[in-house]
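These notes are about the structure you will find just below.
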Amino acid sequence: MKIDGMVALVTGAAMGIGKAICQMLLENGAKGVCLVDLVDVGHRTAAELASKYGDGRTIFVKADVTNKEQLEAAFVQTRQQFGRLDIVASNAGVMTEVNYEMMINVNL
Ligand SMILES: NC(=O)C1=CN([C@@H]2O[C@H](COP(=O)(O)OP(=O)(O)OC[C@H]3O[C@@H](n4cnc5c(N)ncnc54)[C@H](O)[C@@H]3O)[C@@H](O)[C@H]2O)C=CC1
Ligand SMILES: CCCCCC(=O)/C=C/[C@H]1[C@H](O)CC(=O)[C@@H]1CCCCCCC(=O)O
């Protein structure tokens, strides 16, 4: 897939598969990537990717994907920062037997 110049938003991007998706997008020419996650580690991940792939190509928005207002704010900030939004990777997910409702809300 040709992604030169495209802008992406990736949820659950602070670590794991989400972080790897961000790396893949940046390596393949994405103009910018918005990392969305509810943990502060996302700040460090965005900075690490910026130092590797170029300043101005990543932003981090702290948001819980189950919170409509926070998630919408992430979409708005992405468009404000990069001027467009082409790709959304809905990657955030949890697996827990303790809080089934929360698991469904995050994963769906
Ligand atoms: N690792 C695996 O073997 C498999 C993973 N998956 C799916 O792939 C996705 C990523 O998995 P991993 O990278 O292994 O998980 P991970 O646990 O390493 O990373 C998940 C990220 O999602 C974030 N997150 C969790 N709840 C959130 C919320 N409410 N709002 C925003 N961010 C939230 C976490 O803070 C974390 O940074 C998940 O959806 C998982 O269900 C599916 C099958 C297998
Ligand atoms: C197949 C189990 C792999 C577990 C290794 C792992 O890294 C777990 C990651 C979880 C992450 O923290 C959030 C998740 O949802 C991941 C677990 C996904 C498990 C899928 C199991 C599918 C199946 O039952 O075959």
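Both ligands and their constituent atoms are indexed starting at 1 by order of listing.
- Taking all atoms of both residues into account, the shortest heavy-atom contact from Val61 to Cys34 is CG2-SG, 3.7 Å.
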Stepwise side-chain contact (heavy atoms from CB on, under 4.5 Å) test for Asn107 and Val94: CA-CA 7 Å; Asn107 293 0; Val94 290; 4.0 Å; yes
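- For ligand 1, the atoms lying closer than 4.0 Å to a non-hydrogen atom of Ala63 are 30 (N), 31 (C).
- For atom 11 (C) of ligand 2, the nearest non-hydrogen atom of the protein is Gly93 O, 4.6 Å.
- In this structure, the side chain of Asn91 engages the main chain of Gly12 through a donor-acceptor pair within 3.5 Å.
- By the 3.5 Å distance cut-off applied to N or O atoms, Asp37 is counted among the residues near ligand 1.
- For atom 7 (O) of ligand 2, no protein heavy-atom neighbour is found at a distance under 4.0 Å.
- Atom-to-atom distance recorded for Thr96:OG1 and Glu101:CD is 12.5 Å, nearest 0.5 angstrom.
- Atom 20 (C) of ligand 1 has as its closest protein heavy atom Gly93 O, 3.9 Å.
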side-chain contact (heavy atoms from CB on, under 4.5 Å) between Gln23 and Leu49, intermediate numbers included: CA-CA 7 Å; Gln23 285 178 304; Leu49 296 182; 3.4 Å; yes
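- Considering backbone and side-chain atoms together, Val106 places no N or O closer than 3.5 Å to any N or O of ligand 1.
- Comparing Val94, Thr96, Asn91, Ile17 by heavy-atom distance to atom 15 (O) of ligand 2, the nearest is Val94.
- Annotation: atom 29 (N) of ligand 1 to nearest protein heavy atom, Asp64 OD1, 2.9 Å.
- The nearest protein heavy atom to atom 16 (P) of ligand 1 is not closer than 4.0 Å.
- We find the CD1-CG distance between Ile21 and Leu26 to be 12.0 Å, quoted to the nearest 0.5 Å.
- The structure places CD1 of Ile17 at 12.0 Å from SG of Cys22, a figure rounded to the nearest 0.5 Å.
- Atom 19 (O) of ligand 1 has its closest protein heavy atom at Met15 CG, 3.9 Å.
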side-chain contact (heavy atoms from CB on, under 4.5 Å) assessment of Phe75 paired with Leu85: CA-CA 8 Å; Phe75 278 74; Leu85 177 57; 3.4 Å; yes
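- Regarding atom 33 (C) of ligand 1, its nearest protein heavy-atom neighbour is Leu38 CD2, 3.2 Å.
- Closest approach of Thr11 to Ala92, counting heavy atoms only: OG1-N, 3.0 Å.
- The contact set between ligand 1 and Val94, taken as ligand atoms under 4.0 Å from a residue heavy atom, comprises 25 (C), 26 (N).
- Counting heavy atoms from C-beta outward, Met15 and Val39 have side chains that approach closer than 4.5 Å.
- The backbone and the side chain of Val65 each have at least one atom closer than 4.0 Å to an atom of ligand 1 (non-hydrogen atoms only).
- Contact detail for Met6 and Ile87: the closest heavy-atom pair is SD-CD1, 3.9 Å.
- For atom 31 (C) of ligand 1, a protein heavy-atom neighbour is found at a distance under 4.0 Å.
- What sits closest to atom 10 (C) of ligand 1 on the protein, heavy atoms only, is Asn91 OD1, 3.2 Å.
- Among all protein heavy atoms, the one lying closest to atom 22 (O) of ligand 1 is Gly12 CA, 3.3 Å.
- Listed by atom number, the atoms of ligand 1 under 4.0 Å from Ala92 heavy atoms are 22 (O), 32 (N), 33 (C), 39 (O).
- Distance check on atom 27 (C) of ligand 1: some protein heavy atom falls below the 4.0 Å cut-off.
- There is no protein heavy atom less than 4.0 angstrom from atom 7 (C) of ligand 1.
- Of all atoms in ligand 1, numbered sequentially from 1 with element shown, those under 4.0 Å from a heavy atom of Val39 are 35 (O).
- The side-chain heavy atoms of Lys62 and Asp40, taken from C-beta on, include a pair separated by under 4.5 Å.
- Ranking protein heavy atoms by distance to atom 18 (C) of ligand 2, first place goes to Met95 SD, 4.0 Å.
- Looking at Phe60 and Arg44, their side chains never come closer than 4.5 Å, going by heavy atoms from C-beta outward.
- The Gly16 neighbourhood of ligand 1 comprises atoms 13 (O), 18 (O), with distances under 4.0 Å to a heavy atom of that residue.
- Less than 4.0 angstrom separates atom 39 (O) of ligand 1 from at least one non-hydrogen atom of the protein.
- Rounded to the nearest 0.5 angstrom, Leu25 CG and Lys31 NZ are separated by 14.5 Å.
- Nearest protein neighbour of atom 14 (O) of ligand 1, counting heavy atoms only, is Ile17 CD1, 4.0 Å.
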